[in-house]
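Numbers for residues simply follow the sequence, beginning at 1. Below, all heavy atoms of this structure are taken into account, side chains as well, without hydrogens, waters or symmetry copies.
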Amino acid sequence: MAVYRWKSFFEDEDRPEKPRRFGVTEMRGPHYTVMNQNVLQDIFETMGQFVDGVKFSGGSHSLMPKHFIREVTDIAHRHNVYVSTGDWSEHLLRKGPTGFKQYLEECKQLGFDTVEINSSSLKLPEDALLRFVRMAKSAGLKVKPQFTVKVESSEIPLPSSRAYGSLEPPIPRNPEIVEDVDWLIRRAERCLEAGADMIMIDPDGVCKYTEKMRTDIVAKIISRLGLEKTMFESSHPNTSEWFVKQYGPRVNLFVDHSQVMNLECLRGRRPGTNHASILSSSYFLM
């Protein structure tokens with residue numbers, strides 16, 4: 001086990017030991033980069049202390065042999081790392097009313113801990129989304145709904161509409177894309193009330209590129225939902241640095257596996273531009 005000379009999880013500005021409720025680092029699993037069990041084993045053995053979860057993004061697990069997924073989840077659990085399905089559950093609706101329930105059972109058998117539900121792809125009334133959240137919780141899984149800020153205007157209730165959750169999208173649908181952050185937050189709040197463990201915010205149009213950061217949207221989401229209940233995708237190291245500088249090491253981020261160590265350096269005490277304040281000539285001992 002690696003003993004890190006520069007890292008302590010008992011500092012006031014840092015996070016506690018795993019399992020953590022805040023300051024979570026979720027790592028992208030096999031998706032853009034092919035990873036076998038040996039690669040993941042190496043990552044967990046060298047950086048497992050800093051990795052809270054691993055996610056099979058983009059439905060990549062649907063293309064992999066079940067025995068491989070089972071091996072990956074077993075390796076992750078041995079290092080106290082949870083495993084998430086990524087946003088794939090919405091595709092199971094094509095299998096009929098029982099498709100989602102069967103998917104949850106299969107996820108449990110394969111060792112998944114968290115089910116991510118992409119609310120933007122579901123295109124369902126809010127009551128149906130909340131029902132899926134409750135079904136996953138009843139199955140003994142954690143739930144992380146994913147929301148995007150840009151929505152179709154036809155999905156936003158009119159002032160004369162009934163309460164959220166009983167609304168049927170008007171027909172014909174209007175393809176115009178608008179921004180309604182309050183609408184996103186209201187739906188996210190209802191998901192949390194229904195038992196969701198955390199809310200994933202889609203980076204498109206919000207925090208995908210540092211030069212186009214929507215700091216107003218990020219601030220509004222965090223202020224309403226709380227830092228502990230939100231997770232943002234950080235597709236670039238500069239984005240991670242911005243989040244840590246603005247919200248401290250307690251912010252929850254989803255990053256590529258190649259960014260895990262860089263993010264942990266940023267979460268440390270008073271990092272310089274090249275982490276000179278954290279890393280000495282030998283920053284960990286084997």
Enquirer: Any chance you could measure S138, atom OG, to R131, atom CZ, to the nearest 0.5 Å?
Expert: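 Rounded to the nearest 0.5 Å, the OG-CZ separation comes to 12.5 Å.
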Enquirer: Using the side chain to side chain contact (heavy atoms under 4.5 Å, CB included) rule, take E189 and L225 through it: C-alpha gap first, then chi angles, then the decisive distance, then the call.
Expert: CA-CA 7 Å; E189 286 174 337; L225 301 181; 3.6 Å; yes
Enquirer: Using atom types as modelled and distance alone, determine if a side-chain donor or acceptor of R267 lies under 3.5 Å from a backbone N or O of F50.
Expert: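 Side chain of R267 to backbone of F50, a donor-acceptor pair under 3.5 Å: no, none is there.
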Enquirer: How far apart are the closest heavy atoms of A76 and F44, and which atoms are they?
Expert: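 Minimum heavy-atom separation between A76 and F44: CA-CE1, 3.8 Å.
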Enquirer: Go through the steps for T215 and Q246 under the test side chain to side chain contact (heavy atoms under 4.5 Å, CB included), then give the verdict.
Expert: CA-CA 10 Å; T215 58; Q246 295 298 319; over 6 Å; no
Enquirer: Taking the side chain as everything from C-beta on, heavy atoms only, tell me whether L104 gets closer than 4.5 Å to M135.
Expert: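 The answer is yes; the side chains approach within 4.5 Å.
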Enquirer: Indicate yes or no: at least one non-hydrogen side-chain atom of N252 is less than 4.5 angstrom from one of E26.
Expert: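 N252 does not reach E26 side chain to side chain.
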Enquirer: Could you check whether E45 and Q41, counting side-chain N and O atoms only, form a donor-acceptor pair closer than 3.5 Å?
Expert: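 Looking only at side-chain atoms, E45 and Q41 do form a donor-acceptor pair, the distance falling under 3.5 Å.
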Enquirer: Nearest 0.5 Å, what's the CD-CZ distance between E228 and F22?
Expert: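 The CZ atom of F22 is 7.0 Å from CD of E228, to the nearest 0.5 Å.
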Enquirer: What's the spacing between S240 OG and E233 CD if we round to 0.5 Å?
Expert: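 So the OG of S240 and the CD of E233 are separated by 10.0 Å.
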Enquirer: Determine the interplanar angle of the F132 and F100 rings, folded into 0 to 90°, and report it as parallel if under 30°, tilted if 30 to 60°, perpendicular if over 60°.
Expert: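 Ring orientation of F132 relative to F100: tilted.
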Enquirer: Is the shortest side-chain heavy-atom distance between E241 and L263 below 4.5 Å?
Expert: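 Side chain of E241 against side chain of L263, heavy atoms only: no contact under 4.5 Å found.
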Enquirer: Measuring from I199:CD1 to E116:CD, what's the distance to the nearest 0.5 Å?
Expert: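 Answer rounded to 0.5 Å: 10.0 Å.
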Enquirer: Output yes when a side-chain donor or acceptor of H79 lies under 3.5 Å from a complementary backbone atom of V81, and no otherwise.
Expert: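 Checking the backbone N and O of V81 against the side chain of H79, no donor-acceptor pair under 3.5 Å is found.
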Enquirer: Determine whether V260 and I43 satisfy the following criterion, side chain to side chain contact (heavy atoms under 4.5 Å, CB included), listing intermediate values before the conclusion.
Expert: CA-CA 9 Å; V260 169; I43 293 174; 5.7 Å; no
Enquirer: Which pair of heavy atoms, one from A136 and one from V143, lies closest together, and at what distance?
Expert: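 Scanning both residues, the minimum pair turns out to be CB-CG2, 3.4 Å.
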Enquirer: Within the side chain of D256, is there an N or O that forms a donor-acceptor pair under 3.5 Å with the backbone of R28?
Expert: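 Not confirmed, D256 side chain does not pair with R28 backbone.
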Enquirer: Applying side-chain contact (heavy atoms from CB on, under 4.5 Å) between V251 and each of L227, T230, V218, report the one that passes.
Expert: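 Passing option: L227.
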Enquirer: After noting the C-alpha distance and the side-chain angles of T148 and L184, does the key distance pass the side chain to side chain contact (heavy atoms under 4.5 Å, CB included) rule?
Expert: CA-CA 7 Å; T148 182; L184 178 154; 5.7 Å; no
Enquirer: Identify the heavy atoms of V115 and T85 that sit nearest to each other, and give their distance.
Expert: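 Of all heavy-atom pairs spanning V115 and T85, the closest is CA-OG1, 3.5 Å.
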Enquirer: I'd like to check D182 versus R224 (side-chain heavy atoms, cut-off strictly below 4.5 Å). Are they in contact?
Expert: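 A side-chain contact exists here, since the closest heavy-atom pair is under 4.5 Å.
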Enquirer: Indicate whether the side chain of D202 and that of Q146 have a donor and an acceptor atom separated by less than 3.5 Å.
Expert: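 Distance-only check passes for D202 and Q146.
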Enquirer: Could you state the interatomic distance from CG (L141) to CG (D113), rounded to the nearest 0.5 Å?
Expert: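 L141 CG to D113 CG: 8.0 Å, rounded to 0.5 Å.
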Enquirer: Of all heavy-atom pairs between G23 and D52, which one has the smallest distance, and what is that distance?
Expert: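 Closest pair (atom of G23, atom of D52, distance): O-OD2, 3.9 Å.
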Enquirer: Starting at CD of Q259, measure out to CG of L266 and round the result to the nearest 0.5 Å.
Expert: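 So the gap between those two atoms works out to 10.0 Å.
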Enquirer: Do M198 and V149 belong to the same hydrophobic cluster, where Ile, Leu, Val, Met, Phe, Trp and Tyr are linked whenever their side-chain heavy atoms lie under 4.5 Å apart, directly or via other members?
Expert: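 As far as the 4.5 Å side-chain criterion goes, V149 and M198 are not connected within one cluster.
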Enquirer: Side chain of K108, backbone of A139: donor and acceptor closer than 3.5 Å?
Expert: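 Present.
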Enquirer: For a quick test of reading the model, state the closest non-hydrogen atom pair linking R21 to V24 and the distance between them.
Expert: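 Heavy atoms only, the tightest pair is C-CG2, 4.1 Å.
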Enquirer: Is there a donor in the side chain of S234 and an acceptor in the side chain of T239, or the other way round, less than 3.5 Å apart?
Expert: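 Absent: no donor and acceptor within the cut-off.
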Enquirer: Can you get from M47 to V244 by hopping between Ile, Leu, Val, Met, Phe, Trp and Tyr side chains that sit under 4.5 Å apart?
Expert: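 Hydrophobic grouping puts M47 with V244.
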Enquirer: Please report the shortest heavy-atom distance between K18 and V51, naming the atom on each side.
Expert: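 So the minimum-distance heavy-atom pair works out to NZ-O, 3.0 Å.
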Enquirer: Are M200 and K55 close enough that some pair of their side-chain heavy atoms sits under 4.5 Å apart?
Expert: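 In contact.
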Enquirer: Quick one, Y82 and V54 - any side-chain contact, counting heavy atoms below 4.5 Å?
Expert: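 No. Closest side-chain heavy atoms not under 4.5 Å.
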Enquirer: Does atom NZ of K142 have more than 12 heavy-atom neighbours from other groups under 6.0 Å away?
Expert: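 No - once you tally the heavy atoms of other residues, nucleotides and ligands closer than 6.0 Å, there are 12 at most.
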Enquirer: Kindly determine whether D74 and R70 satisfy salt bridge (charged side-chain N to carboxylate O under 4.0 Å, His left out), including the steps that lead there.
Expert: CA-CA 6 Å; D74 288 343; R70 183 75 249 189; 3.0 Å; yes
Enquirer: Please tell me if the side chains of C191 and L129 come closer than 4.5 Å, counting only heavy atoms from C-beta onward.
Expert: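 Result yes, sub-4.5 Å side-chain heavy-atom pair found.
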Enquirer: In this structure, which one of F254, Y247, F243 forms a ring pair (Phe, Tyr, Trp, His ring centres under 6.0 Å) with F232?
Expert: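 Of the listed options, the one satisfying the test is F243.
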Enquirer: Is it the case that one hydrophobic cluster holds both V206 and F147, taking links as side-chain heavy atoms less than 4.5 Å apart, direct or via other members?
Expert: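 Yes: a chain of side-chain contacts under 4.5 Å links V206 to F147.
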Enquirer: A side-chain contact here means heavy atoms from C-beta on lying under 4.5 Å apart; do E106 and K66 qualify?
Expert: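 In contact.
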Enquirer: Honestly curious: do M231 and I217 fall in one hydrophobic cluster under the side-chain, below-4.5 Å linking rule?
Expert: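 M231 and I217: separate clusters.
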Enquirer: So, R20 and T25: side-chain donor and acceptor under 3.5 Å apart, yes or no?
Expert: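 On atom types as modelled, these side chains do not qualify, holding no pair under 3.5 Å.
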